[in-house]
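Report on the structure given below.
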Number of protein chains: 2
Amino acid sequence: MTDQSPNPQAFEARLRQIGAERYHDRHPFHHRLHGGQCSMDEVQAWVINRWYYQSRIPMKDAAFMSRCTDPQLRRIWRSRIEDHDGGEAEGGGIRRWLKLAEGVGLDPDYVASGRGVMPATRFAVDAYVRFVRDEPLIAAMASSLTELFAPAIHGQRIEGLLAHYPFANPETTAYFRHRLTEAPKDVAFTLRWVLDHATSRADQEAAAAALTFKTEVLWAQLDALWHGYVEGSIPPGAWRPGEGQLR
Amino acid sequence: MTDQSPNPQAFEARLRQIGAERYHDRHPFHHRLHGGQCSMDEVQAWVINRWYYQSRIPMKDAAFMSRCTDPQLRRIWRSRIEDHDGGEAEGGGIRRWLKLAEGVGLDPDYVASGRGVMPATRFAVDAYVRFVRDEPLIAAMASSLTELFAPAIHGQRIEGLLAHYPFANPETTAYFRHRLTEAPKDVAFTLRWVLDHATSRADQEAAAAALTFKTEVLWAQLDALWHGYVEGSIPPGAWRPGEGQLR
């Protein structure tokens, strides 16, 4: 049989291996950030650019729902948008991110305007939204499986930020604390769904490729950040240190 | 000045005029339905095909949210999806539609499978989802303004169904009763938004064209229904009387 699929355990192990090899916790920028070696300019650049990713996540999840014909799957997915947008009074993950922005000395309105975001960040993030909108459902689902690897990085980040940076406190790190419980809830369902539905070799290849693609989306953002703000080659139009400061 | 825009009152009147001339409450099928002249086969055909429209509405609303960069606008729009999908236990508008399906003697699982839906219905409805996904935001918003005209038709429908058809009761007409309060809440916000944002001549033209397009989406569904089930020219693959009955 040429189309014999590996069993779900082997397939899950393959997905986890993609994370072990390619998730952005391996990127030098994160070691620098969590190890306390980032300058405040570098921290601000990270917060500004990562805001763009956060801001597009509910749009990505809505794009998923827009092609999802099963009301029950839509119901489950709705909570992701609720987590990020929240209600008008309390806000959600995006507002918590803007608390971090304030905490690191940035004007949250400047950050939320998206003006200083690097083009390379936008290209990577927009590619993710388009992927989820246009690719087969199983690939769209699988692309969110980087959440399998997220709690570890959020844990390291909370610890590293609190240990090394004066701005870090429960309020400014609230985004990451929320993700410690939100991401595992979401990913447990999605992993189960992908393992149950990707039973052919072709679907498993598509799911693995989607997860790989997503690790690239995350990695490319940190490469751009490193080139721009650690090496100091800021592209035209992107945020320059000193701009958008909290008054 | 060639780009002088009419004032918001004149623009609103223009939008309402589109409804007065083109909304599907003017279609002969609705007069036939509300007047009690539809055979049960015709009622069943309507329920089966209109289910497809209902089933795509949350996908259309998610498509809207997928391109909406303003968290507050997404928050407001979320309630539309909640109205249609509801929670797992109680369901929403789609489940209420399936209650109507049962009430008219159809197997709700057959209806929810979408198997009997006419191709012309799918084409019209899918065109609407694509429109909201791809057209400029103001056109996407304006296309939902047919809700301005919906309460009248839902009122007539509840009254007409209860007066003429033994299947009509509070449970089977629950979908329409809910829409009597849901649609005005949604449309009040959307109309305000469109009037406030479509201030250039070009945007007003785009909004009027979008609303016109949406009336065409609704009208085309009833034309197809009439041709197929009143005139009796059922296209290959579409539901045939007697199929999908409740046992």
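In this text the structure is predicted, and so the values were computed from the model without any measurement.
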**Asked** Can you check whether Arg56(A) reaches Thr69(B) side chain to side chain, under 4.5 Å on heavy atoms?
**Response** yes

**Request:** May I ask you to list the residues in residues 115-142 of chain A that approach chain B closer than 4.5 angstrom, counting heavy atoms only, ordered by number?
**Result:** Arg133(A), Asp134(A)

Quick check: under 4.5 Å, non-hydrogen atoms only, which of [range] neighbour chain A?
range                       : value
residues 235-247 of chain B : none
residues 88-107 of chain B  : Glu88(B), Gly91(B), Ile94(B), Arg95(B)
residues 73-86 of chain B   : Arg74(B), Arg75(B), Arg78(B), Ile81(B), Glu82(B), Asp85(B), Gly86(B)

**Prompt:** Nearest heavy-atom pair of Ala63(A) and Ser66(B): which atoms, and what distance?
**Reply:** N-CB, 3.4 Å

